Number of protein chains: 2
Amino acid sequence: MRNRSVSHIFVTERFPIVCFMMRRDVFQAIADPTRRDIIGLIAHRSLNLNAVADNFDISRPAISKHIKILTECGLLTIKQQGRDRYCTANFKKLNEVSAWVDQYRKFWTEKLDALGDFLEKEAGETK
Amino acid sequence: MRNRSVSHIFVTERFPIVCFMMRRDVFQAIADPTRRDIIGLIAHRSLNLNAVADNFDISRPAISKHIKILTECGLLTIKQQGRDRYCTANFKKLNEVSAWVDQYRKFWTEKLDALGDFLEKEAGETK
DNA sequence: CAGGTGGTTAACAAGGTCATTAATTATGAG
DNA sequence: CTCATAATTAATGACCTTGTTAACCACCTG
């Protein structure tokens with residue numbers, strides 16, 4: 001039962017109702033390349049789910065699930081407009097990732113070789 | 001067959017030998033909290049596998065597998081010293097994550113509310 | 001060489017992820 | 001109201017992940 005946590009427990013007189021909320025962490029959310037692509041798509045403009053799905057070869061339900069995961073971890077917010085649900089990216093959430101990476105930044109930038117490695121990689125990829 | 005790619009194909013006269021190499025991407029590697037903890041552990045000093053395992057409640061084989069994954073994606077390098085294998089972090093690899101996050105940084109820092117959110121989160125956690 | 005220690009591999013189990021298709025819900029348009 | 005469209009849910013399947021224990025290999029020490 002990983003990544004789950006009880007967020008609220010509502011107790012009526014006779015029926016304890018336990019409400020689970022996925023504690024989807026951002027790291028896991030961005031681990032999937034499709035989800036990273038979705039984020040890239042909606043970075044500049046809000047899109048409804050179908051517009052997002054048009055950019056991928058997978059089914060709408062699959063996209064729907066990805067978006068659900070991104071929403072659950074706080075990276076996306078949904079705004080309902082009639083039938084359409086428009087997805088907007090909530091980039092502040094990426095600060096968690098940024099902060100984690102940044103604590104190690106000094107270990108690889110001290111030698112000032114990051115640029116060199118980046119260029120090396122670029123050259124390898126475009127070759 | 002996701003996350004796999006044929007990296008090299010050696011062909012002898014009679015035996016084509018296909019060598020698979022896991023294309024473990026860094027995002028997936030750091031998605032696991034245990035692996036992030038391992039990285040944190042060996043950030044400052046090289047540790048052998050048993051020393052790493054001592055810090056966790058899981059078995060040595062489990063740690064061994066995590067370290068294998070981290071090695072396969074380039075985040076760790078192993079230096080054998082007699083019986084011991086010392087793990088060293090290779091933080092340059094984190095640049096991939098950093099670069100991906102950074103392309104969106106302007107979206108959440110423009111408003112200069114990142115500090116506010118950070119403090120808010122801190123307060124929420126220590127409460 | 002024998003035995004202990006560091007570490008990996010093998011076999012397996014439980015649960016999670018990511019996709020599918022079919023059915024369902026909900027909204028807007030004619 | 002009826003139909004088309006936007007989107008979710010349900011049921012299912014294949015594969016991946018993460019852990020376990022037991023057995024094994026490799027190296028150092030006495």
Side-chain angles (χ1 to χ4, degrees), chain A residues 1-5 20-39 41-42 45-73 75-88, chain B residues 1-5 20-39 41-42 45-73 75-88:
Chain A
M1 203 67 80
R2 292 175 74 251
N3 281 320
R4 261 176 199 276
S5 66
F20 282 98
M21 194 177 96
M22 279 310 222
R23 188 185 38 127
R24 299 272 187 194
D25 86 335
V26 186
F27 289 92
Q28 200 167 350
I30 65 170
D32 187 275
T34 303
R35 286 197 285 270
R36 289 202 298 280
D37 288 346
I38 290 175
I39 291 172
L41 256 180
I42 64 170
R45 64 206 174 294
S46 210
L47 291 177
N48 68 346
L49 195 137
N50 274 348
V52 173
D54 285 346
N55 290 274
F56 296 91
D57 286 336
I58 58 178
S59 64
R60 254 179 303 213
I63 295 291
S64 184
K65 279 179 215 169
H66 281 306
I67 286 177
K68 191 176 186 183
I69 288 168
L70 290 168
T71 307
E72 280 171 354
C73 82
L75 268 170
L76 246 62
T77 47
I78 306 279
K79 281 164 198 153
Q80 184 110 21
Q81 275 188 3
R83 284 183 295 195
D84 302 270
R85 296 186 183 178
Y86 283 90
C87 311
T88 320
Chain B
M1 202 66 84
R2 293 176 71 249
N3 280 321
R4 264 175 195 277
S5 65
F20 282 97
M21 192 174 96
M22 279 309 221
R23 187 184 39 124
R24 300 271 186 196
D25 86 334
V26 186
F27 288 91
Q28 201 166 350
I30 64 170
D32 187 276
T34 304
R35 285 196 287 270
R36 289 202 298 278
D37 289 345
I38 290 175
I39 290 171
L41 256 180
I42 63 170
R45 62 205 176 295
S46 210
L47 290 177
N48 67 346
L49 194 135
N50 274 348
V52 173
D54 285 345
N55 290 274
F56 297 90
D57 286 335
I58 57 179
S59 64
R60 255 181 304 220
I63 296 289
S64 185
K65 279 179 214 172
H66 280 306
I67 285 177
K68 191 177 185 184
I69 288 168
L70 290 168
T71 307
E72 280 171 353
C73 82
L75 268 169
L76 246 63
T77 47
I78 306 279
K79 281 165 198 153
Q80 184 110 21
Q81 276 187 3
R83 284 184 295 194
D84 301 270
R85 297 186 183 179
Y86 283 91
C87 311
T88 319

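Chain naming here is simple, since letters A, B, ... match the order of the sequence lines and numbering starts at 1 in each. None of these values were measured; they are calculated from a predicted model.
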Is there a side-chain polar atom (N or O) of [X] under 4.0 Å from OP1 or OP2 of [N]?
X        : N       : value
Gln28(B) : dT17(D) : yes
Arg24(A) : dT17(C) : yes
Ser64(B) : dT8(C)  : yes
His66(B) : dG19(D) : yes

Without decimals, in angstroms, what is the distance between [X] [atom1] and [N] [atom2]?
X        : N       : atom1 : atom2 : value
Lys68(B) : dT17(D) : NZ    : C1'   : 14 Å
Tyr86(B) : dT5(C)  : OH    : P     : 16 Å
Ile78(B) : dG7(C)  : CD1   : P     : 9 Å
Ile67(A) : dC18(C) : CD1   : P     : 14 Å
Leu76(B) : dG7(C)  : CG    : P     : 13 Å
Asp32(B) : dC16(D) : CG    : P     : 17 Å
Arg35(A) : dG16(C) : CZ    : C1'   : 12 Å

When rounded to the nearest 0.5 angstrom, what distance separates [atom1] in [X] from [atom2] in [Y]?
X        : Y        : atom1 : atom2 : result
Cys87(B) : Ile67(B) : SG    : CD1   : 3.5 Å
Asn50(B) : Arg83(B) : CG    : CZ    : 10.0 Å
Asp54(A) : Arg60(A) : CG    : CZ    : 8.0 Å

May I ask you to test the [X]-[Y] pair for a side-chain heavy-atom distance under 4.5 Å?
X        : Y        : result
Leu49(B) : Ile78(B) : no
His66(B) : Ile58(B) : yes
Ile69(A) : Asp32(A) : no
Asn55(A) : Asp37(A) : no

Salt-bridge contact Asp25(A)-Arg36(B) (side-chain N to carboxylate O under 4.0 Å):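 Judged by the 4.0 Å cut-off on N to carboxylate O distance, Asp25(A) and Arg36(B) do form a salt bridge.
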Any N/O donor-acceptor pair, Lys65(B) side-chain to dT20(D) base, under 3.5 Å: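 Checked by distance alone, the answer is yes.
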Partners passing side chain to side chain donor-acceptor pair (under 3.5 Å) against Thr88(A) (at least two apart in sequence or in another chain):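 For Thr88(A), the residues satisfying side chain to side chain donor-acceptor pair (under 3.5 Å) (neighbours in sequence not counted) are Ser46(A).
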Contact list for DNA chain D against residues 45-56 of chain A - heavy-atom distance below 4.0 Å: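 Correct list: Asn48(A), Leu49(A), Asn50(A).
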Under 4.0 Å protein heavy-atom contacts per nucleotide of nucleotides 22-29 of chain D, with B for base, S for backbone only and - for none: B----BS-
